[in-house]
Number of protein chains: 2
Amino acid sequence: MADDKAKVDCCGVINEDLVKRISENMPDDDLLYDMADLFRVFGDSTRVKIIYVLFESEMCVCDIATILNMNQSAISHQLRVLKDARLVKYRRDGKTIYYSLDDEHVKQLFDQAMAHLMHG
Amino acid sequence: MADDKAKVDCCGVINEDLVKRISENMPDDDLLYDMADLFRVFGDSTRVKIIYVLFESEMCVCDIATILNMNQSAISHQLRVLKDARLVKYRRDGKTIYYSLDDEHVKQLFDQAMAHLMHG
DNA sequence: TGAATATATGAACAGATATTCATATATTCA
DNA sequence: TGAATATATGAATATCTGTTCATATATTCA
């Protein structure tokens, strides 16, 4: 290339400086996937509801199911998704297993999302 | 029911006070769905990457495609999803259409998500 | 120990979604 | 106007995801 900034692949404004700056500020690919995975966990209304319930109080599986009017298996599957994402933790008390939130950022994340929806 | 607090449907700690408190603090169903829909938009790595690119600079469709090494159609489809969610806006300049972010909360949302991933 | 209860989990299925391909639309410029 | 270019979009397809059903596991208690 004759000119350092001449790397124009198409219509746009691309030049090597810009591409370099974008690459530098872009998180690693692995992290971007993790990020999408995390958001995808929040991208289901059942899981959002479970989290809202847990904002109030720790709760056993069958009480969550009762409150959300869904069957136990569905809740259990979704709790596993939340647990795998390290968003909830649990403790056993006899036959009962109590779930609670395991992340300090979720409330703020939800508040930000709400702010977008309420319009900003 | 003989007792006000006797509404125990299963194993758990459910009583009317708790259910009442949870219902009061739970956003409306419509809003919960909107919330999940919003998060689902972020739940795809292509869209996350597009947003990170747009954190740096407004950008035309084909430059985004070039940077992300994806085809123009895929980017265009995803930009539509982002546009429908009011997360990006665009301006036309001749044949070229420049996209940019249209939300002040997204950066904070992403920072919170990153904080969770980096572990907190 | 055996019945009852709380939760977890694998399989199956229906519905959603991301990408690609082909093509349409819109704009510029010769 | 017609060629070239940038973007949008419908259809098709492969993959992913949420729920249900049936059943397994774990714990309590008589």
Side-chain angles (χ1 to χ4, degrees), chain A residues 8-14 32-33 35-51 53-54 58-85 87-100, chain B residues 8-14 32-51 53-54 58-85 88-100:
Chain A
V8 175
D9 294 280
C10 53
C11 61
V13 296
I14 284 188
L32 291 169
Y33 280 103
M35 192 117 172
D37 285 345
L38 176 60
F39 281 123
R40 189 158 46 238
V41 172
F42 297 128
D44 172 79
S45 61
T46 297
R47 291 191 291 268
V48 168
K49 287 176 191 177
I50 291 174
I51 289 169
V53 168
L54 296 182
E58 73 168 5
M59 187 85 48
C60 71
V61 179
C62 99
D63 281 354
I64 297 172
T66 300
I67 290 175
L68 300 188
N69 194 32
M70 293 184 65
N71 80 40
Q72 173 269 321
S73 180
I75 300 299
S76 204
H77 278 296
Q78 298 304 352
L79 283 169
R80 187 159 58 95
V81 174
L82 291 168
K83 180 159 59 80
D84 289 348
L87 295 167
V88 302
K89 59 183 191 298
Y90 64 92
R91 68 179 179 86
R92 177 181 281 276
D93 180 16
K95 284 174 293 188
T96 306
I97 296 181
Y98 290 97
Y99 281 83
S100 59
Chain B
V8 175
D9 294 281
C10 53
C11 61
V13 297
I14 283 190
L32 291 169
Y33 280 103
D34 290 346
M35 193 120 173
D37 285 345
L38 177 61
F39 281 124
R40 188 159 47 239
V41 171
F42 297 128
D44 173 81
S45 62
T46 296
R47 290 190 292 265
V48 167
K49 287 177 189 176
I50 291 174
I51 289 170
V53 168
L54 297 183
E58 73 168 6
M59 187 86 46
C60 71
V61 178
C62 99
D63 280 356
I64 297 172
T66 301
I67 291 175
L68 301 188
N69 195 32
M70 293 183 65
N71 79 39
Q72 172 267 320
S73 180
I75 300 300
S76 205
H77 278 296
Q78 297 304 352
L79 282 169
R80 187 158 59 95
V81 174
L82 291 168
K83 181 160 58 77
D84 288 348
V88 302
K89 59 184 192 295
Y90 64 92
R91 68 178 179 87
R92 177 181 280 274
D93 180 16
K95 284 175 294 190
T96 305
I97 295 182
Y98 291 97
Y99 280 83
S100 58

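Residue numbering restarts at 1 for every chain, and letters A, B, ... go by the order of the sequence lines. Keep in mind that what you see is a predicted model, and the values were worked out from it rather than measured.
Heavy-atom distances to DNA chain D give each of B/I97 and A/A74 a nearest nucleotide, and the one nearer the 5′ end belongs to B/I97. Remark on DNA chain D: of its neighbouring residues A/D93 and A/Q78, the 5'-side contact belongs to A/Q78, judged by nearest-heavy-atom nucleotide. The nearest heavy atom of DNA chain C to A/R80 and to B/M70 marks one nucleotide each, and the one closer to the 5' end goes with A/R80.
Counting distance only, with no hydrogens placed and no angle test, the side-chain atoms of A/H77 and the base atoms of D/dT20 include a donor-acceptor pair under 3.5 Å. A donor-acceptor contact under 3.5 Å is formed by the side chain of A/Q72 with the base of C/dA8. If you check distances only, the side chain of B/S76 never reaches the base of D/dT9 with a donor-acceptor pair under 3.5 Å.
Between A/S45 and B/A36 the shortest heavy-atom distance is N-CB, 3.5 Å. Here the closest heavy-atom approach between residue A/R47 and residue A/R40 is recorded as NH2-O, 3.2 Å. Residues A/L54 and A/Y99 approach most closely at CD2-O, 3.5 Å, considering heavy atoms. Residues A/T46 and A/L68 share a closest heavy-atom pair of O-CD1, 4.2 Å.
Put simply, CG on A/D63 is 14 Å from C1' on C/dT5, counting in whole angstrom units. A/Y98 has its OH atom 20 Å from the P atom of D/dA26, to the nearest Å. Residue B/I50 contributes atom CD1, which lies 13 Å from atom P of D/dT7 at whole-angstrom precision. To the nearest angstrom, C1' of D/dT19 lies 17 Å from CD1 of A/I64. Taking atom CE of B/M59 as the reference point, atom P of D/dA6 lies 15 Å away to the nearest angstrom. For the pair A/R91 CZ and C/dA6 P, the computed distance is 16 Å after rounding to whole Å. In this structure, the NZ atom of A/K95 is 7 Å from the C1' atom of C/dA6, given to the nearest Å. Distance NZ (A/K49) to P (D/dT19): 9 Å, rounded to an integer number of Å.
Remark: C/dT9 base-pairs with D/dA22; criterion is Watson-Crick or G-U wobble with both hydrogen-bond distances under 3.5 Å. Within the shown strands, D/dC16 is the pairing partner of C/dG15 under the Watson-Crick or G-U definition, both distances less than 3.5 Å. In this structure, D/dT27 and C/dA4 make a Watson-Crick or G-U wobble pair, each of the two defining distances being under 3.5 angstrom.
Judged by distance alone, the side chain of B/S76 and the main-chain N or O of B/Q72 form no donor-acceptor pair under 3.5 Å. When atom types are taken as modelled, the side chain of B/R92 and the backbone of B/I97 share no donor-acceptor pair closer than 3.5 angstrom.
In terms of phosphate contacts, B/S73 brings no side-chain nitrogen or oxygen within less than 4.0 Å of OP1 or OP2 of C/dA22. B/R92 has no side-chain polar atom (N or O) that falls below the 4.0 Å cut-off from OP1 or OP2 of D/dA6. Within the structure, a side-chain polar atom (N or O) of B/R40 is placed less than 4.0 Å from OP1 or OP2 of C/dT17.
Distance from the side chain of A/Y99 is smallest for C/dT7 among the nucleotides C/dT7, C/dA18, D/dT7. For A/R47, taking side-chain heavy atoms from C-beta onward, the closest of the listed nucleotides D/dT7, D/dG18, C/dT20 is D/dG18.
Within 4.0 Å (heavy atoms only), B/Y90 reaches no atom of the nucleic acid at all.
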